[in-house]
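Beneath this line is the structure, given in structure tokens, with notes to follow.
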Amino acid sequence: QVQLVESGGGLVQPGGSLRLSCAASGIKSTLYRFGWHRQAPGQDRDLVADMDSHGTSRYADSVKGRFTISRDYAKETVSLQMNDLKPEDAAVYYCYGYSDRNGQAYWGQGTQVSVSS
């Protein structure tokens, strides 16, 4: 069965950097979308960044210029380089993938990103 496993979360000071990674297993075909959502307490789970199967990436306005998504199609991994982190970036970050072949969305367990102050 499909599993998405995240790594790389942690605690960082404002202005610091973290790199999140996610590895998919059990994937039988390329995911149409593969990327990251985040959810802070009392807020919705919102798109942070993703990349589709053609290499087109999207970013939330709040992270443009600071975050960079990358995807390895052969390995079915996706990473998020987060620079100049701000307190408002603190959230649980969830890896997600979407298959347009079967209409299924897949979610990781989430990894905590904490930004002091």
Side-chain angles (χ1 to χ4, degrees):
Q1 192 58 43
V2 174
Q3 286 187 289
L4 305 181
V5 180
E6 304 111 328
S7 62
L11 173 64
V12 66
Q13 294 183 351
S17 297
L18 286 172
R19 184 176 178 88
L20 306 181
S21 296
C22 176
S25 63
I27 302 295
K28 299 301 182 184
S29 61
T30 300
L31 294 165
Y32 176 57
R33 296 188 184 277
F34 198 14
W36 299 87
H37 283 60
R38 69 186 181 188
Q39 186 170 25
Q43 300 183 17
D44 295 331
R45 185 180 296 189
D46 293 326
L47 173 71
V48 179
D50 65 13
M51 184 176 289
D52 69 15
S53 59
H54 304 290
T56 300
S57 59
R58 305 190 305 151
Y59 296 90
D61 288 341
S62 59
V63 308
K64 287 179 180 177
R66 299 187 297 120
F67 292 10
T68 303
I69 193 166
S70 59
R71 179 175 177 178
D72 187 319
Y73 294 91
K75 296 181 179 179
E76 281 289 32
T77 60
V78 66
S79 296
L80 186 69
Q81 179 65 46
M82 305 185 294
N83 297 326
D84 191 25
L85 282 158
K86 302 177 179 180
E88 52 263 42
D89 295 318
V92 177
Y93 284 69
Y94 296 90
C95 181
Y96 91 97
Y98 177 74
S99 171
D100 61 344
R101 285 184 169 268
N102 60 15
Q104 293 296 306
Y106 308 103
W107 295 92
Q109 290 295 306
T111 186
Q112 179 71 51
V113 172
S114 300
V115 185
S116 65
S117 301

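In summary, Asp89 and Arg66 engage in a salt bridge, as defined by a charged side-chain N under 4.0 Å from a carboxylate O.
Side chains of Leu31 and Gln104 form no contact here, defined as non-hydrogen atoms less than 4.5 Å apart. Using a 4.5 Å heavy-atom cutoff, the side chains of Leu20 and Val113 are in contact.
The two residues Leu4 and Cys22 make their nearest non-hydrogen contact at CB-SG, 3.8 Å. Pairing each heavy atom of Ala24 with each of Phe34, the nearest pair is CB-CZ, 4.0 Å. Shown here for Ser117 and Pro14, the closest heavy-atom pair between the two residues is CB-CG, 4.3 Å.
Arg38 forms no cation-pi arrangement with Tyr94, by the criterion of a distance under 6.0 Å to the ring centre and an angle within 45° of the ring axis.
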Worked check of side-chain contact (heavy atoms from CB on, under 4.5 Å) between Met82 and Ser17
CA-CA 5 Å; Met82 305 185 294; Ser17 297; over 6 Å; no
Chi angles and distances behind the side-chain contact (heavy atoms from CB on, under 4.5 Å) call for Arg58, Arg33:
CA-CA 10 Å; Arg58 305 190 305 151; Arg33 296 188 184 277; 3.5 Å; yes
Go through the steps to decide whether Tyr96 and Leu47 satisfy the test side-chain contact (heavy atoms from CB on, under 4.5 Å), and finish with yes or no.
CA-CA 10 Å; Tyr96 91 97; Leu47 173 71; 4.0 Å; yes
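Hydrophobic clustering (ILVMFWY, side-chain heavy atoms < 4.5 Å, transitive): Val92 and Val115 are in distinct clusters. Neither Tyr98 nor Trp36 shares a network with the other; the hydrophobic side chains, linked directly or stepwise wherever heavy atoms of I, L, V, M, F, W or Y lie under 4.5 Å apart, form separate groups for each. Linking ILVMFWY side-chain heavy atoms closer than 4.5 Å, directly or via other members, places Leu80 and Trp107 in two distinct hydrophobic clusters. A continuous path of ILVMFWY side-chain contacts below 4.5 Å connects Val78 to Tyr73, so both sit in one hydrophobic cluster.
Distance alone, capped at 3.5 Å, is enough to place a donor-acceptor pair between the Glu6 side chain and the Gly110 backbone. Remark: side-chain polar atoms of Asp72 are not paired, donor with acceptor, to backbone N or O of Glu76 under 3.5 angstrom. Tyr93 places no side-chain N or O within donor-acceptor distance of the main-chain N or O of Val48, the cut-off being under 3.5 Å. Arg45 contributes no side-chain N or O that, together with a main-chain N or O of Gln39, makes up a donor-acceptor pair within less than 3.5 Å.
Residue Gln13 places its CD atom among 12 or fewer non-hydrogen atoms of other residues, nucleotides or ligands, all under 6.0 Å distant. The local environment of CZ in Arg19 is crowded, with over 12 non-hydrogen atoms from other residues, nucleotides or ligands closer than 6.0 Å. Under a cut-off of 6.0 angstrom, the local environment of CD in Gln109 is sparse, with at most 12 non-hydrogen atoms contributed by other residues, nucleotides or ligands.
Screening Asp84, Asn83, Leu85 against Phe67 for a side chain to side chain contact (heavy atoms under 4.5 Å, CB included) leaves a single residue, Leu85.
Checking Tyr59 against Asp50 by side-chain atom types alone, no donor-acceptor pair falls below 3.5 Å. Between the side chains of Ser7 and Ser21, not a single donor N or O lies within less than 3.5 Å of an accepting N or O.
Atom CD1 of Ile69 sits about 8.5 Å away from atom OG of Ser79, to the nearest 0.5 Å. Summarising the geometry, atom OG belonging to Ser57 is positioned 8.5 Å from atom CG belonging to Asp52; distances are rounded to the nearest 0.5 Å.
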